[in-house]
Structures are given as C-alpha cells and as structure tokens.
Q: 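After the structure tokens below, expect a handful of questions from me.
Only heavy atoms go into these numbers, but all of them, side chains included; no hydrogens, no water, no symmetry mates. Remember, it's 1-based here, ligands and their atoms both numbered in the order they're listed.
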Amino acid sequence: MTKTMIRSVIRGTGSCLPARVVGNDELAGRVETSDEWIAQRTGIRRRHIAAEGETTSTLAIAAARAALADAGLEASDIDLIIVATATPDYTFPSVATQVQAGLEITHGVAFDVAAVCSGFVFALATADKFLTSGSHRRALVIGSETFSRILDWNDRTTCVLFGDGAGAVVVEAQEAGGTVSDRGVLTSHLRSDGRHRSKLYVDGGPSTTGKAGHLRMEGREVFRHAVGMITDVVEDAFAATGLTAEDVKWFVPHQANKRIIDASAEKLGIAAHKVVITVQDHGNTSAASIPLALDEARRDGRIRQGDLVLIEAMGGGFTWGSALIRW
Ligand code: UT7
C-alpha cells in the first residue's frame, strides 16, 4: 500500500543570458592565456557577460517571467521565491525581494540562499521542504549570478572560468502516491564543510573590507575534492530512493569544468549521452548553471515528462548537494 503525500513538481523553466558573448580569444587579448588552454583544461569556449545596468536581479526577473510563462501561471500564483546567489545587487535587500517587487507580488515570502555554486540545489531542497510541509503552494526557485563583477580581470587562473546568467524553475505542490514513480523532487541531499572555506572565497565583504572584493580560488585543490564529494552525495540520493545510475535519464550537473563532469559521470556509471553539458557556452555561472542547463535541455526536447533527472553541485564553503527529480 502506498500513502498519499505532497511532492514538489517542476512545472516550468526559464532562463536569461546577457546578450554580450565573450570568446576565449578575447580574454587571450587581456591576460596571458589561450583558447587552447581554456578549452582543454575546462571545456569552456565562451561565456555571457552582463552589460552596464544588467544585474543579478534583472537577470533573475527575466528568467522568472520566462518560467512563469512556461508553466502557464501568473506571478500572483507564486507564494514563495527563493533566489540562490553569491552576487546580489546589494548587501541587502535580498535579490528575492527585488524579484518579488519586479513581478508585483505582494503576498508570500521571498529570501536568498548563499551556497555559491551549490546554491540552486540548496534553494530547490529548501523550497521542497516548504512545499511538502504544506505551508506554501507554488515556488519560484532561481539561480542568478553576475560573477563578472567579482572577478579579478588580471588573474588568468580565475577570470577565464566564469560567466553571468540566470535560470528559474516554477515548483508546485501536488498530491502524489508516495513512490519513486511520482513526479517531483524524490530526494535531496545537502552537505557542507567549512574547513575548506579558504580554498574558494571572495576577499571582501561588508563586515571586513567594506568592498565587494574579488574571487580567489586554489583551483587544483577544489578540483581534487570535487569528484569525490559529488559522487558521494549522488550515492546518498541513490541509497535513499533505491534508484540507480541506470534509472537516470538525464544527468544535469553544475557546470564548472568539463573534466570534473566527465570524471563524475564515469565514476557514477552514467553514460555520456545522458549528460547535459552547457559549460562550453556559459562558462561557470555558479548557482545559475543547473537551472540554465535544465531550461536548455527541456526546451530542445531532451527532458520530457516522466524522465528521471539527477542534479548535483559542489562549490565554495565547501558546499555540495544532489537531488533526484521525476520531471
Ligand atoms: O564551481 C565551483 C567550483 N570550482 C571548480 O570546480 C574549479 C575547479 N578547478 C578547476 O577547474 C581547475 O583546477 C582549473 C581549470 C582552475 C585549473 O586547471 P588545472 O588543470 O588544475 O591547472 P593548474 O591550476 O594545475 O595549472 C596548470 C598550469 C599552471 O602553470 P604551471 O604552474 O604548471 O607552470 C598555471 O599557472 O596552467 C597555468 N594556468 C594557465 N595557463 C594559461 C592557470 N590558468 C591559466 C590560464 N591560461 N588561464
């Protein structure tokens, strides 16, 4: 006998990328690097960079509008907005309240979560807990970033890696049968370990320098931990549901580096044709990378209703997490 329960079902997706595209060759004109080095080490060929006046909140609002249209819902149907970002327009108010105002929503609750590159997984897991508790009905979960604003454009070890953009999903509480055949978020797993906080950080902030600061990273150290942490937390998702790599239709990882994605998929036994990769066109857009990839794979017809989708991410903190979603 199965029991009825509430699941958080993804009802629509949307995204927004700045119009300006910067190729590797353009960066090679600024710092000592080459298209060949960047492409070979990371898989990145180009990234979108926000124009003046384009901010994390303007990108987030555009992605949210696209997701609402895709879901066939009005802004007034939303009672929960969670934005994952490490690059807010202001120290406060949150980007989420800016999105709420931009969409002219005056009810419900809106807040940001800070988990850097893992932010979208953290935000979706948080929304899932609100929706399945019965306290809220429809959520906008958004990952939005303008990392171009916190890069040191003279540091070749970081400035070639990141890009700007936003992705959004509309998540709705729906009655379900309580099995892994249900549509919706089937399980989510979040982890963090602050001992690693100085391996990937920003060297400023309101309470220290009073300035936004610049991203600093020990790339090799992050890389060294990434695959193990990612595969561990995905194995947790499989163990919690009894599902396996075989059951996964689409693997939509955080897009930091194609070598990390390939090594994780291989270690998990997920075939290459099931992996959604956008890093070549977007670079690492931190919390935006997964919802951007979800939106792309759904709009081009890859992700369809009923498909089992695996998402995972790892980033600054360190933070890491995974979720299995039946579309
Ligand atoms: O999303 C959040 C999580 N972040 C990540 O997942 C990033 C994880 N790390 C990485 O993706 C990789 O470590 C990088 C792409 C950052 C670097 O790749 P790597 O294969 O680990 O290279 P490396 O740091 O070991 O550097 C190799 C060489 C160094 O020169 P030496 O010391 O061997 O002479 C670097 O100075 O490459 C040099 N280098 C560059 N050369 C040309 C570093 N950056 C560049 C560059 N162009 N842009």
Side-chain angles (χ1 to χ4, degrees), residues 22-47 84-87 113-123 143-148 150-165 167 190-194 196-202 214-234 252-265 267 277-280 282-293 311-322:
V22 174
N24 290 346
D25 283 335
E26 189 177 332
L27 296 182
R30 284 194 196 198
V31 286
E32 189 66 37
T33 189
S34 64
D35 174 47
E36 195 194 2
W37 190 95
I38 301 169
Q40 265 183 13
R41 298 282 177 140
T42 71
I44 298 166
R45 300 220 166 252
R46 58 194 74 80
R47 74 285 292 142
T85 189
T87 46
V113 302
V116 207
C117 295
S118 310
F120 181 76
V121 183
F122 277 55
S144 186
E145 303 277 20
T146 46
F147 263 52
S148 63
I150 54 162
L151 294 174
D152 175 350
W153 287 99
N154 296 313
D155 175 10
R156 69 173 185 174
T157 69
T158 52
C159 76
V160 303
L161 303 174
F162 295 90
D164 300 336
L190 306 180
R191 297 284 309 277
S192 54
D193 185 345
H196 299 290
R197 64 197 180 283
S198 62
K199 295 188 177 96
L200 174 50
Y201 71 105
V202 171
H214 290 119
L215 181 147
R216 306 291 174 205
M217 175 165 72
E218 292 174 41
R220 216 174 305 186
E221 272 297 296
V222 179
F223 197 117
R224 201 167 68 74
H225 286 87
V227 179
M229 288 177 162
I230 288 164
T231 51
D232 267 6
V233 82
V234 170
V252 186
H254 168 51
Q255 311 279 321
N257 184 322
K258 181 150 189 310
R259 287 155 58 210
I260 296 175
I261 295 172
D262 290 346
S264 304
K267 196 166 167 199
I277 299 181
T278 55
V279 72
Q280 69 284 356
H282 300 166
N284 180 349
T285 57
S286 183
S289 87
I290 293 173
L292 276 166
I311 64 170
E312 58 74 6
M314 179 267 182
F318 291 152
T319 54
W320 63 111
S322 69

Q: Is there a donor-acceptor contact under 3.5 Å linking the side chains of Arg30 and Asn154?
A: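 Not at all, the side chains of Arg30 and Asn154 share no donor-acceptor pair under 3.5 Å.
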
Q: Begin from the C-alpha positions of Thr87 and Glu145 and carry the test side chain to side chain donor-acceptor pair (under 3.5 Å) through to its verdict.
A: CA-CA 6 Å; Thr87 46; Glu145 303 277 20; 2.6 Å; yes

Q: Considering non-hydrogen atoms of the protein only, which is the closest contact for atom 47 (N) of ligand 1, and what is the distance?
A: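 Answer for atom 47 (N) of ligand 1: Thr33 OG1, 2.7 Å.
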
Q: Protein heavy atom under 4.0 angstrom of atom 19 (P) of ligand 1, is there one?
A: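 It does: a protein heavy atom is found less than 4.0 Å away from atom 19 (P) of ligand 1.
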
Q: Considering only heavy atoms, does Ile260 approach ligand 1 within less than 4.0 Å through its side chain, its backbone, both, or neither?
A: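 The answer is the side chain.
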
Q: List every atom of ligand 1 that sits less than 4.0 Å from any heavy atom of Ala256, numbering the atoms from 1 in the order shown and giving each element.
A: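 In order of number, 1 (O), 5 (C), 6 (O).
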
Q: Working to the nearest 0.5 Å, report the span between NE2 of His225 and CE of Met314.
A: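 Answer rounded to 0.5 Å: 7.5 Å.
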
Q: Among Lys199, Arg41, Gln40, Glu221, which one has a heavy atom closest to atom 27 (C) of ligand 1?
A: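 Result: the heavy atom closest to atom 27 (C) of ligand 1 is in Arg41.
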
Q: Determine whether Leu292 and Thr278 make a side-chain contact, defined as any pair of heavy atoms from C-beta on separated by less than 4.5 Å.
A: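 Not touching, per the 4.5 Å side-chain cut-off.
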
Q: Could an N or O of ligand 1 be found under 3.5 Å from any N or O of Asn284, whether backbone or side chain?
A: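 Looking only at distances, the answer is yes, because the N/O contact criterion of under 3.5 Å is met.
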
Q: Kindly check if the number of other-residue, nucleotide or ligand heavy atoms within 6.0 Å of CZ (Arg259) is above 12?
A: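 Yes, CZ of Arg259 has more than 12 neighbouring heavy atoms, counting only those of other groups under 6.0 Å.
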
Q: For ligand 1, which atoms sit closer than 4.0 Å to a heavy atom of Asn257?
A: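 Answer for ligand 1: 10 (C), 11 (O), 12 (C), 15 (C).
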
Q: Considering heavy atoms of the protein only, find what lies nearest to atom 3 (C) of ligand 1 and give residue, atom and distance to 0.1 Å.
A: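 Sorting protein heavy atoms by distance from atom 3 (C) of ligand 1 puts Val222 CG1, 3.7 Å first.
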
Q: Which of the atoms in ligand 1, numbered in the order shown and given with their element, are less than 4.0 Å from a heavy-atom of Cys117?
A: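 Within the 4.0 Å cut-off of Cys117, ligand 1 contributes 1 (O), 2 (C).
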
Q: Just so I know, are the side chains of Arg224 and Lys199 near enough to count as touching, which here means a heavy-atom distance under 4.5 Å?
A: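 Answer no - side chains too far apart.
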
Q: With a 4.5 Å heavy-atom cut-off, do Leu200 and Val116 have their side chains touching?
A: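 Contact flag for Leu200/Val116 side chains = no.
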
Q: Polar-atom distance check: Arg259 versus ligand 1, any N or O pair below 3.5 Å?
A: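 By distance alone, the answer is yes.
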
Q: Below 3.5 Å, N or O to N or O, backbone or side chain included: is there any such pair between Phe162 and ligand 1?
A: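 No; every N/O pair is 3.5 Å or more apart.
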
Q: Considering the heavy atoms of Val160, write down every atom of ligand 1 situated less than 4.0 Å from one of them.
A: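 Close to Val160: 48 (N).
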
Q: Under 4.0 Å and counting heavy atoms only, is there anything from the protein next to atom 40 (C) of ligand 1?
A: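 Neighbour list for atom 40 (C) of ligand 1 includes protein heavy atoms (cut-off 4.0 Å).
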
Q: Are any non-hydrogen protein atoms located under 4.0 Å from atom 23 (P) of ligand 1?
A: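 Yes, because at least one protein heavy atom sits under 4.0 Å from atom 23 (P) of ligand 1.
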
Q: For a 4.5 angstrom cut-off between non-hydrogen side-chain atoms, does Trp37 reach Asn24?
A: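 No; the side chains remain at least 4.5 Å from each other.
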
Q: Enumerate the atoms of ligand 1 whose separation from the nearest heavy atom of Glu32 is less than 4.0 angstrom.
A: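 Those atoms are 42 (C), 47 (N).
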
Q: Drop me the distance from Phe162's CZ to Leu215's CG, to the nearest 0.5 angstrom.
A: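 Here the interatomic distance stands at 4.5 Å.
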
Q: Verify the contact flag for atom 11 (O) of ligand 1, where contact means a protein heavy atom under 4.0 Å away.
A: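 Within 4.0 Å of atom 11 (O) of ligand 1, protein heavy atoms are found.
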
Q: For ligand 1, which atoms sit closer than 4.0 Å to a heavy atom of Thr42?
A: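 The list of qualifying atoms is 15 (C).
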
Q: Just jot down the ligand 1 atoms closer than 4.0 angstrom to any heavy atom of Phe223, in number order.
A: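 Listed by number with element: 8 (C), 9 (N), 10 (C), 11 (O), 12 (C), 13 (O).
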
Q: How close does the nearest protein non-hydrogen atom get to atom 44 (N) of ligand 1, and which residue and atom is it?
A: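 Looking only at protein heavy atoms, the one closest to atom 44 (N) of ligand 1 is Trp37 CH2, 3.3 Å.
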
Q: Distance under 4.0 Å to a non-hydrogen atom of Arg220: what atoms of ligand 1 satisfy this?
A: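 Contacts of ligand 1 toward Arg220, numbered from 1: 13 (O), 21 (O), 23 (P), 24 (O), 25 (O), 26 (O).
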
Q: What residue and heavy atom of the protein are closest to atom 9 (N) of ligand 1, and at what distance?
A: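 Here the nearest protein heavy atom works out to Gly219 O, 3.0 Å.
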
Q: For ligand 1, does Leu161 get within less than 4.0 Å through its side chain, its backbone, both, or neither, judged by non-hydrogen atoms?
A: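 Side chain only; the backbone of Leu161 stays clear of ligand 1.
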
Q: Is it true that a side-chain atom of Trp153 and a backbone atom of Val31 form a donor plus acceptor pair closer than 3.5 Å?
A: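 No, the answer is negative, given that no donor and acceptor are paired below the 3.5 Å cut-off.
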
Q: Any side-chain heavy atom of Thr42 sitting closer than 4.5 Å to one from Val279?
A: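 Counting from C-beta outward, Thr42 and Val279 never come under 4.5 Å.
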
Q: Looking at side-chain heavy atoms only, is the closest gap between Trp320 and Ile230 below 4.5 Å?
A: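 A side-chain contact under 4.5 Å is absent here.
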
Q: How many angstroms lie between atom CD1 of Ile290 and atom SG of Cys117, to the nearest 0.5 angstrom?
A: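 The CD1 atom of Ile290 sits 9.5 Å away from the SG atom of Cys117.
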
Q: Can you pull out the closest protein heavy atom to atom 35 (C) of ligand 1? Residue, atom name and distance to 0.1 Å, please.
A: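 Going atom by atom, the protein heavy atom closest to atom 35 (C) of ligand 1 ends up being Arg156 NH2, 4.0 Å.
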
Q: With a 4.5 Å heavy-atom cut-off, do Arg47 and Leu27 have their side chains touching?
A: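 They are in side-chain contact.
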
